[in-house]
Amino acid sequence: ELQHLLDVLGTHSLVTLTGLPGVGKTHLAFETLQQWQNQTERGSGCVCDLTECTQDGLVEATIARALDLASLDLVGRQPQGPTLLLLDNCEHMLEPIGKAVKRLLSTSAPISVLSTSREALGLIGEQLVPVKPLEVRPGSSLDAAQASAAVELLVSRAREGGAELSLDEDSAEILLTLCRRLDGLPLAIELAASRMRSMTAEEILTRLYDRVRILTRSKAHGPVRHRALRAAIDSSYQMISLTEQRVLERVGVFRGEFGSEAVEFVCSDLALEGEELLDALDSLVDRSLVVARPRGGVTRYVLLESLRQFALSKLEARSEREAVEKRFVTYMVQRCQIALDRLKVEWPAQMISALSKDFSNLQAAFHSCLANDADPERAFTLVAATNVCVHEGRAAEIAALAEQALQRWPEAEHAQSSLVYSAMASGYMVSGALEKVFEAAWAGLGKKGSSLGSISCRRALAISQLYEGQIARASDWILSLIH
């Protein structure tokens, strides 16, 4: 990443590091400046921290001081070697900083500018370099932990703070899990590491439901935005429009990826025109508060967990969370019902993929129904739709959802009952809990529901008998499927 930045600076006079709060833009910029100075003959680096610059008229004077000049009028009037000017924290004064940078780069002076901002300065020729969270490798092995930059930072910072933290076979899984829950954000990881002198990784992990308190340095040092994760996020929140704030808060109800249609549904109370809503969403992406993931001609969006919890806390403060979450659940139930209706005639790959991507949201909607609904209809509809996801790496979770639904409403006779049982049986089958398949599928055969539920249960029965070596019985179930 560092070498890439140096290469980009070799071909562009203005490079802007963008990224969400706490992602490490400033740290990377300073490392780049140091390396650039080491590699550039007669090169000099200047740092201009614009955090405290809050008046348009002071921007040029602040930059001039960093360049050791009385005024920007003097730029290029005296011989000088190559200069790299680092402008740190530009997001709150984009227009005046942009004008000053444009003026600088229009001179004959050999100056390049490296800026950090949560969004682009908006100048022609500006090269954006998004800074991403640190990598957390998949899996739970020691090899995965040792290859993860996020874990490396956590262990390093914890040891620097006096914690006795070892990275070995016993600790690898919990450290990987902690770094994933921290979204790989360097600031969040460093704040967690500062706690490890008095708390274990397990204890921090169990307290992440309250990130505001746990991810705060107990000893105040450094800029306020670097002493608490909430402060870093709040500084970005305060810079966006009221409409953007309300949209950000509402998309916090999504537990995973979501599409623009879902955003329109949960934001319906804002009475925004379609273009207004999309403009707000685009702005949140530009400001690094929402992550856009275009795939296969469709853009999906996601909030990192730290931002999601912040958004929900804002909804909670205005007593709006319950109403927004109700719309979220309604949206997910309607989405699953449409899928179930379509499954009666076809199983399109696109729909299976879409439901799989929505699985985290489906789980969240289900748990809301489990806690709040007296009737099983919505919960059963959500679980029934998971039948299409059993081969998408979610089998054990699907079986668990079905178990919880049937424990909550054990005597329910519903139009989706047989599909709930088939989801449980299929989940057991694919996840390897073969001893449970027969009982679940057999129970499902006697329940009310669609022919699809009956077919799925018979299929599960046939496969369970094959695994047990009961070829004749398996054949009977296969014949019953055909009939």
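Values below: every heavy atom of this structure, side chains too, minus hydrogens, waters and symmetry copies. Remember, it's a predicted structure, so these values are computed and weren't measured experimentally. Numbers here are sequence positions counted from 1.
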Open item on the list: Walk me through whether Glu135 and Arg137 qualify under salt bridge (charged side-chain N to carboxylate O under 4.0 Å, His left out).
Closed with: CA-CA 6 Å; Glu135 181 185 22; Arg137 291 288 181 90; 2.7 Å; yes
TODO: Report yes or no: does Asn361 contribute a side-chain atom to a donor-acceptor pair with the main-chain N or O of Phe254 at less than 3.5 Å?
DONE: no
Task: Pairwise side-chain contact, Pro186 with Leu134, heavy-atom cut-off 4.5 Å (strictly under) - done: yes
Task: Modelled atom types, side-chain donor and acceptor of Asp88 and Thr51, under 3.5 Å - done: no
Open item on the list: Any side-chain to backbone donor/acceptor pair from Asp183 onto Glu305? Under 3.5 Å, distance only.
Closed with: yes
Task: Test item: Gln34 and Phe30 side chains (from C-beta on) under 4.5 Å apart, heavy atoms - done: no
Task: Any donor-acceptor pair under 3.5 Å from Ser117 side chain to Ala120 backbone - done: no
TODO: I would like to know whether Asp168 and Ser171 meet side chain to side chain donor-acceptor pair (under 3.5 Å); could you show each step before the answer?
DONE: CA-CA 5 Å; Asp168 50 33; Ser171 64; 3.2 Å; yes
Open item on the list: I need the minimum non-hydrogen distance between Cys369 and Val329, along with the two atoms involved.
Closed with: SG-CG1, 3.6 Å
TODO: Step through the shown structure and confirm whether more than 12 heavy atoms of other residues, nucleotides or ligands are within 6.0 Å of CD on Gln238.
DONE: yes
Open item on the list: Check this for me: does any side-chain nitrogen of one of Glu257 and Arg295 sit under 4.0 Å from a carboxylate oxygen of the other?
Closed with: yes
Open item on the list: Is it the case that over 12 heavy atoms from other parts of the model lie below 6.0 angstrom from the CD atom of Glu322?
Closed with: no
Task: Nearest atoms (heavy-atom pairs only) where Leu272 meets Thr243 - done: CD1-CG2, 3.7 Å
Task: Residues Arg327, Glu325: salt bridge by 4.0 Å N-O rule - done: no
Open item on the list: Nearest 0.5 angstrom please: Gln363 CD to Ile398 CD1, how far?
Closed with: 9.0 Å
- [ ] Start with the C-alpha gap between Val247 and Gln245, add the side-chain angles, then the distance that decides, and say whether side-chain contact (heavy atoms from CB on, under 4.5 Å) holds.
- [x] CA-CA 6 Å; Val247 172; Gln245 288 178 355; over 6 Å; no
Open item on the list: Can you tell me how far apart CG (Leu182) and CG (Leu208) are? Round to the nearest 0.5 Å.
Closed with: 5.5 Å
TODO: Under the side-chain contact (heavy atoms from CB on, under 4.5 Å) rule, what do Leu85 and Ser112 come out as? Steps first, then yes or no, please.
DONE: CA-CA 6 Å; Leu85 172 63; Ser112 296; over 6 Å; no
- [ ] Taking the side chain as every heavy atom from C-beta outward, state whether Val291 and Tyr301 have any pair of such atoms under 4.5 Å apart.
- [x] no
Open item on the list: Under the salt bridge (charged side-chain N to carboxylate O under 4.0 Å, His left out) definition, can you give me all pairs with a residue in residues 378-387, not counting sequence neighbours?
Closed with: Asp373-Arg378
TODO: Apply side chain to side chain donor-acceptor pair (under 3.5 Å) to the pair Glu126 and Thr16, showing each step before the final yes or no.
DONE: CA-CA 7 Å; Glu126 179 182 17; Thr16 299; 2.5 Å; yes
Open item on the list: With rounding to the nearest 0.5 angstrom, report the CG to NE2 distance, Leu187 to His27.
Closed with: 12.5 Å
Task: Derivation and outcome, side-chain contact (heavy atoms from CB on, under 4.5 Å), residues Arg394 and Ser360 - done: CA-CA 10 Å; Arg394 299 283 196 170; Ser360 295; 3.7 Å; yes
TODO: For Ser313 and Phe310, indicate whether the former's side chain and the latter's backbone hold a donor-acceptor pair under 3.5 Å.
DONE: yes
Open item on the list: Counting only heavy atoms from other residues, nucleotides and ligands, does the tally under 6.0 Å from CD of Glu173 exceed 12?
Closed with: no
TODO: Please step through side-chain contact (heavy atoms from CB on, under 4.5 Å) for the pair Trp409 and Leu370, ending with a clear verdict.
DONE: CA-CA 9 Å; Trp409 295 283; Leu370 199 68; 4.0 Å; yes
Task: Heavy-atom pair with the smallest gap, counting every atom of Leu154 and Leu165 - done: O-CD2, 4.4 Å
Open item on the list: A quick test of your reading: do over 12 heavy atoms of other residues, nucleotides or ligands sit less than 6.0 Å from CD of Glu152?
Closed with: no
TODO: Check whether the side chains of Ser283 and Arg287 place a donor and an acceptor atom closer than 3.5 Å, and report yes or no.
DONE: yes
TODO: Mark yes or no for whether Ser235, through its side chain, and Ala232, through its backbone, hold a donor-acceptor pair below 3.5 Å.
DONE: yes
Task: Backbone N/O of Ser368 and side chain of Asn372: donor-acceptor pair under 3.5 Å - done: yes
Open item on the list: With a 4.5 Å cut-off on side-chain heavy atoms, are Met196 and Glu164 touching?
Closed with: no
- [ ] Please identify each residue that fulfils ring-ring contact (aromatic ring centres under 6.0 Å, His included) with Phe359, with sequence neighbours left out.
- [x] none
TODO: Drop me the distance from Leu406's CG to Ser417's OG, to the nearest 0.5 angstrom.
DONE: 8.0 Å
Task: Which residues share a side-chain contact (heavy atoms from CB on, under 4.5 Å) with Arg318, sequence neighbours left out - done: Tyr237, Arg246, Glu249, Glu320
Open item on the list: Treating Glu403 as the side-chain partner and Met424 as the backbone partner, does any N or O pair qualify as donor plus acceptor under 3.5 Å?
Closed with: no
Open item on the list: Are Thr200 and Leu205 packed together at the side-chain level, in the sense that at least one heavy-atom pair is separated by less than 4.5 angstrom?
Closed with: no
Task: More than 12 heavy atoms of other groups within 6.0 Å of Lys102 NZ - done: no
TODO: May I ask you to decide if Arg118's main-chain N or O and Ser288's side chain share a donor-acceptor pair within less than 3.5 Å?
DONE: yes
Task: Note: Arg300-Asp358 ion pair, threshold 4.0 Å (strictly below) - done: yes
TODO: Kindly give the heavy-atom pair with the smallest separation between Glu203 and Ser198, and that separation in Å.
DONE: OE1-O, 4.4 Å
Open item on the list: Taking Asp269 first and then Arg250, would you say they form a salt bridge - that is, a charged N and a carboxylate O separated by under 4.0 Å?
Closed with: yes
Open item on the list: Contact between Leu278 and Val263 at the side-chain level, heavy atoms closer than 4.5 Å - yes or no?
Closed with: no
Open item on the list: With heavy-atom distances below 4.5 Å as the criterion, would you say the side chains of Leu87 and Leu114 are in contact?
Closed with: no
Task: Pairwise distance OG(Ser148) to CG(Leu153) - rounded to 0.5 angstrom - done: 12.0 Å
TODO: Taking atom CD of Glu95 as the centre, report whether more than 12 heavy atoms of other residues, nucleotides or ligands fall under 6.0 Å from it.
DONE: no
Task: Atom of Gly125, atom of His12 and distance for their closest heavy-atom approach - done: O-CD2, 4.1 Å
Open item on the list: On a heavy-atom basis, which atom in Leu248 and which in Ile240 lie closest, and how many Å separate them?
Closed with: CD2-CD1, 4.3 Å
Task: Lys357 (side chain) donor-acceptor with Ile352 (main chain) under 3.5 angstrom - done: no
Open item on the list: With a 4.5 Å cut-off on side-chain heavy atoms, are Leu340 and Asn387 touching?
Closed with: no
Open item on the list: Strictly distance-based, threshold 3.5 Å: is any side-chain N or O of Gln35 a donor or acceptor partner for the main-chain N or O of Thr32?
Closed with: no
Task: Point-to-point distance, once rounded to the nearest 0.5 Å, from CD of Glu119 to SG of Cys90 - done: 11.0 Å
